[in-house]
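Here is the structure we will look at, set down as structure tokens.
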Amino acid sequence: MTTNRQWLIQERPLGRALQASDFKRNDADIPVPVDGQLLVKTRYFGFDPAQKGWMENISDYMPPTHIGDVMRGSAIAEVIESRSGKYKAGDLVSGLFGWQDYAAADASTVNKLVDDEFLTANLGVLGTTGMTAYFGLLKLGKPQPGDTVVVSGAAGATGSAVGQIAKIAGCRTIGIAGGNDKCQWLIDELGYDDAIDYKSDSVDDRLNELCGGTINVYYDNVGGAILNSALAHIAMNARVVLCGGISRYERGSRPEGPENYFNLVFRRATMEGFIVVDYAQHFPQARARMRQWLHDGKIIHREDVQSGFENIPATLMRLFNGENFGKQMLKND
């Protein structure tokens, strides 16, 4: 009988980097779906920095994880058996199926996909990543034509989408990324007006040079020192969007507040965080709009696709080492 390969949570990586020993390979029986469920076989896995936080249980917007659980993660899968009238064998769906070959999922928790050239984009720009960029920028950032929008983690899956949506909105865009190749990609392919290489440039000096005191929208995927530098250069009535904080993921405690936070008072600015699931009821309309932008070439997406089930933990770690270039995925073998 075919077994169900799995990766389980073995340790909680609080206050340190992820390690291979945080995960344990396991072989289990293939689950049997009950009424209202689907048996699915995973084709592609998606990876996000938030997965480390899920292992640590430091957030309350998702149910807690436990040692020995199948590692939580998003995936694109094929329906093998359906116990729901809404789906049939052969349909492609996305959902939180975890790091395993097979999963029994409630039909109400999956999204049916179109098998076209944008299939894998459902883990990126058409998935939670793209929805995060869309709603964070448009609902909280409220960009206006002529605004200066600065994005940290700009070459990542979320940041690259934010910058392109801001350009569609008629804004000037500046991206902060690590490495010359990523910075050139932002400018040459994604249409960013300028880019800052945090690995070789002084972020504070470059922000002062490019947009001192004129940042209307700062979309933060990083936190830490880069957030602090951006706050020093915000414009009057600026909007600071707190999306992610990859700089804090190796700390055992929450980071201290930025020293420049009082500039929010001086500039009558706002700084607001959000969780994208709060906008879930609006996802269908947003996906349709993003899909049209993809079709029209107004949004370009890049995917970093690894392969091999055994390489799943190492693929997640690529996010924290800065190795990924675009949306991090893995094709199941």
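Remember, it's a predicted structure, so these values are computed and weren't measured experimentally.
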Practice prompt. Could you give me the CA-CA distance, side-chain angles and deciding distance for Met290 and Ile165, then say whether side-chain contact (heavy atoms from CB on, under 4.5 Å) is met?
Written response: CA-CA 9 Å; Met290 294 284 277; Ile165 297 171; 3.9 Å; yes
Fill in: Worked check of side-chain contact (heavy atoms from CB on, under 4.5 Å) between Thr65 and Asn57
CA-CA 7 Å; Thr65 59; Asn57 288 339; 3.2 Å; yes
Practice prompt. Could you go through the side-chain contact (heavy atoms from CB on, under 4.5 Å) check for Tyr102 and Glu81 one step at a time?
Written response: CA-CA 11 Å; Tyr102 295 90; Glu81 179 184 346; over 6 Å; no
Worksheet item: Taking it one step at a time, do Asp278 and Lys139 satisfy salt bridge (charged side-chain N to carboxylate O under 4.0 Å, His left out)?
Response: CA-CA 11 Å; Asp278 294 341; Lys139 294 295 187 181; over 6 Å; no
Fill in: Evaluation steps, side-chain contact (heavy atoms from CB on, under 4.5 Å), between Arg291 and Asp116
CA-CA 11 Å; Arg291 177 177 282 274; Asp116 62 6; 2.7 Å; yes
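In terms of modelled atom types and a separation under 3.5 Å, the side chain of Arg267 and the main chain of Ala235 share no donor-acceptor contact. Between the Arg83 side chain and the Pro33 main chain, a donor and an acceptor come within less than 3.5 Å of each other. Asp201 contributes no side-chain N or O that, together with a main-chain N or O of Val203, makes up a donor-acceptor pair within less than 3.5 Å. Under the 3.5 Å distance criterion, the side-chain polar atoms of Asn260 are matched with a main-chain donor or acceptor of Asn228. Between the side chain of Gln328 and the backbone N or O of Asp304 there is at least one donor-acceptor pair closer than 3.5 Å. Without hydrogens or angle criteria, Asp91 side chain to Val79 main chain gives no donor-acceptor distance under 3.5 Å. The closest donor-acceptor contact from the side chain of Arg318 to the backbone of Glu323 lies under 3.5 Å. Judged by distance alone, the side chain of Asp101 and the main-chain N or O of Arg5 form a donor-acceptor pair under 3.5 Å. Judged by distance alone, with hydrogens and angles left aside, the side-chain atoms of Asn332 form a donor-acceptor pair with the main-chain N or O of Thr42 at under 3.5 Å. Remark: the backbone N or O of Thr128 is paired with a side-chain donor or acceptor of Thr132 at under 3.5 angstrom.
Both Val241 and Val162 belong to a common hydrophobic cluster when Ile, Leu, Val, Met, Phe, Trp and Tyr are linked at side-chain heavy-atom distances under 4.5 angstrom. Residues Val217 and Leu186 share a hydrophobic cluster, clusters being chains of Ile/Leu/Val/Met/Phe/Trp/Tyr side chains in contact below 4.5 Å. Val151 and Phe325 fall within a single hydrophobic cluster, where Ile, Leu, Val, Met, Phe, Trp and Tyr are joined by side-chain heavy atoms under 4.5 Å apart, directly or via other members. Taking hydrophobic clusters as Ile, Leu, Val, Met, Phe, Trp and Tyr residues chained together by side-chain heavy-atom distances below 4.5 Å, Leu8 does not share a cluster with Phe97. Phe118 and Val305 sit in two unconnected hydrophobic clusters of ILVMFWY residues. Membership requires side-chain heavy atoms under 4.5 Å apart, directly or through other members.
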Kindly list each side-chain donor-acceptor pair under 3.5 angstrom involving residues 293-301, sequence neighbours excluded, with atom names and distances?
from, atom 1, to, atom 2, distance (Å)
Asp296, OD1, Gln292, NE2, 3.0
Asp296, OD2, Gln292, NE2, 3.2
His301, ND1, Glu303, OE2, 3.4

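One distance of note links CH2 of Trp99 with CZ of Arg72; it measures 12.5 Å at 0.5 Å rounding. Rounding to the nearest 0.5 Å gives a distance of 9.5 Å between NZ of Lys41 and CG of Asn4.
Ring geometry for Phe135 versus His282: interplanar angle of 30 to 60°, hence tilted.
Looking at Thr158 and Asn221, their side chains never bring a donor and an acceptor atom within 3.5 Å of each other. No side-chain donor from either of Gln10 and Asp22 sits under 3.5 Å from a side-chain acceptor of the other.
The shortest non-hydrogen separation linking Gly153 to Val222 is N-CG2, 3.7 Å.
Remark: Lys167 engages Asp193 in a salt bridge, criterion side-chain N to carboxylate O under 4.0 Å. Note on Asp194 versus Arg172: salt bridge recorded, some NZ/NE/NH1/NH2 to OD/OE distance being below 4.0 Å. Between Lys327 and Asp48 there is a salt bridge, since a side-chain N of the basic residue sits under 4.0 Å from a carboxylate O of the acidic one.
Remark: Glu189 engages Trp185 in a side-chain contact (heavy atoms from CB on, under 4.5 Å) (not counting sequence neighbours).
Within the structure, no pair that satisfies the ring pair (Phe, Tyr, Trp, His ring centres under 6.0 Å) test touches residues 213-244, not counting sequence neighbours.
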